[in-house]
Protein chains: 2
Amino acid sequence: MSTERLTPTSYLVLGLLAREGPSTPYALERHVAATLGNFWSFPHTLLYSEPSRLEALELVTETRESDGRRRRTFAITSAGFDELTAWLERPARARTELRDLGLLQLFFMDLASEEAGTRLAREQRAIHQAKLAAYEADARIERRGGHPASGLRTVEHWRGATLPMGLLYEGAAVAFWQGVADKVVRPDPAIEPNGREPG
Amino acid sequence: MSTERLTPTSYLVLGLLAREGPSTPYALERHVAATLGNFWSFPHTLLYSEPSRLEALELVTETRESDGRRRRTFAITSAGFDELTAWLERPARARTELRDLGLLQLFFMDLASEEAGTRLAREQRAIHQAKLAAYEADARIERRGGHPASGLRTVEHWRGATLPMGLLYEGAAVAFWQGVADKVVRPDPAIEPNGREPG
DNA sequence: CCTATCATGTAATCCGTTACATGATTAT
DNA sequence: ATAATCATGTAACGGATTACATGATAGG
């Protein structure tokens, strides 16, 4: 009778527990930070509270150390696995939520100064360029078979499933903000040699 | 003394009131649905509750009809305008939140059947193709000077500020899911020329 | 040793979502 | 007239964020 509404976070936890085996919230956090967390933030407290909810629904079990740290370890139940696979068999139809503070600001930039637009465009371009570079580094590492001391299989999944989308998105974002910068910054179409940046 | 934390929704409301003048929540809703709502959902109730919060902070004022419908109309105050422009002058540094149920499912697709992967890829490709087509239609309408009976200036801003990003994103998404489909679906490389979607 | 950082957790708050409901307007 | 849709609003619930706090480990 676990016909309660499950959230994306629920499925994230179920999926990780199913694939990686019994885990502590901290392990979940590390895994998420290296993969999906790149573009979908899951604050660490969520990885503590969500498993508790799932336990109430008997989709996961909890065991806890009795000594000092009292670590909690969660494991998926067969009911949880069923719920997860049922969800995976039913393809999502929801549209993408693309929440970007920069875009929101840009949408209202006609209300602000010209310099504000310039600053925004440059800042955003830099942010997305950095992210793109990080993704490309991930992709390179993966192509070499992965660094033994690091993510291993984790990164494989990341790459196979979602890293390419990250690359595509950040590439598009860089192009977009470059375009904005080009239009906002009228003078000097040649990139100024004395490019200085505010902190 | 309105040093309370404002949310993105707060700035959305402030910005619309600043640019469009005094508005009812319904007017805000319509405006949002035609523009930012394309990739950032703001449920209509938010456009009722958020202005109320802002009124408590004296960033907007409320006037209300006394007759049958008792419509509420909100207007930005000068304090509100100051808050808005101050925000716009401080460029956002937050990273993009790209929340996509489809990507989440894909991330765990190794736990499901092959057909599930196929279904997901096709479904997502169709969704993004449809959105891309809609954006392209918007862009065409804009290029012709806009339809007099429709969005007018609104659409101009949409196009100038954020429609290009929508086009870029959806283009990337279509390419991505096409790639997923190509890898997941082995047999029958011939695909129907026009991907359509069910109502 | 001391301090910084990592690791681990709880609790309160509040925004956003969902559910519900009814007054107007248009179409048939 | 009646149904359907548009327009407008309130209230409750709960997940997500923020704030807080302390136990371990490593570095100097």
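Every chain is numbered from 1, with letters handed out A, B, ... down the list of sequences.
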Inset, instruction - Examine the base of C:dT10 for any acceptor or donor lying under 3.5 Å from a partner atom in the side chain of A:T45, and report the outcome as yes or no. - result: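 Flag unset: no donor-acceptor pair detected.
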
What is the distance, to the nearest angstrom, from the [atom1] atom on [X] to the [atom2] atom on [N]?
X: B:L57; N: C:dC15; atom1: CG; atom2: C1'; result: 14 Å
X: B:L28; N: D:dT8; atom1: CG; atom2: C1'; result: 13 Å
X: B:H44; N: C:dC20; atom1: NE2; atom2: P; result: 13 Å
X: A:E29; N: C:dT8; atom1: CD; atom2: C1'; result: 9 Å
X: A:Y48; N: D:dA19; atom1: OH; atom2: P; result: 19 Å
X: B:F42; N: C:dT17; atom1: CZ; atom2: P; result: 9 Å
X: B:R64; N: D:dG9; atom1: CZ; atom2: P; result: 6 Å

Inset, instruction - With salt bridge (Lys or Arg N to Asp or Glu O under 4.0 Å) as the test, would you mind laying out the steps for A:R72 and A:E62 before giving the verdict? - result: CA-CA 7 Å; A:R72 309 161 73 184; A:E62 173 179 1; 2.9 Å; yes

Distances under 3.5 Å between protein N/O atoms and the N/O atoms of nucleotides 13-16 of chain D, please, pair by pair.
from   : atom 1 : to    : atom 2 : distance (Å)
D:dG15 : OP2    : A:R53 : NE     : 3.0
D:dA16 : OP1    : A:T9  : OG1    : 3.4
D:dA16 : OP2    : A:T9  : OG1    : 3.3

Inset, instruction - Just jot down the side-chain contact (heavy atoms from CB on, under 4.5 Å) partners of B:T73, sequence neighbours excluded, or say none. - result: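 side-chain contact (heavy atoms from CB on, under 4.5 Å) list for B:T73, sorted by chain: B:P22, B:T24, B:T63.
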
Legend entry - Sequence-distant partners of A:R30, side-chain hydrogen bond (donor to acceptor under 3.5 Å, both in side chains), two or more places apart: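 For A:R30 there are no side-chain hydrogen bond (donor to acceptor under 3.5 Å, both in side chains) partners, ignoring immediate neighbours.
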
Legend entry - Heavy-atom pair of closest approach, residues B:L103 and B:F176: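 Nearest pair, atom of B:L103 first, then B:F176: CD2-CE2, 3.6 Å.
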
Legend entry - Distance in Å, A:F39 CZ paired with A:T96 OG1, rounded so as to fall on 0.5 Å steps: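 Separation between the atoms: 10.0 Å.
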
Inset, instruction - Decide whether a cation-pi geometry holds between B:R19 and A:F107; the criteria are a distance under 6.0 Å from NZ or CZ to the six-membered ring centre and an angle within 45° of the ring axis. - result: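 Yes, B:R19 sits over the ring of A:F107.
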
Inset, instruction - Would you kindly compare B:E97 and B:R30 by the position of their nearest DNA chain D nucleotide and give the one closer to the 5′ end? - result: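 So the residue in question is B:R30.
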
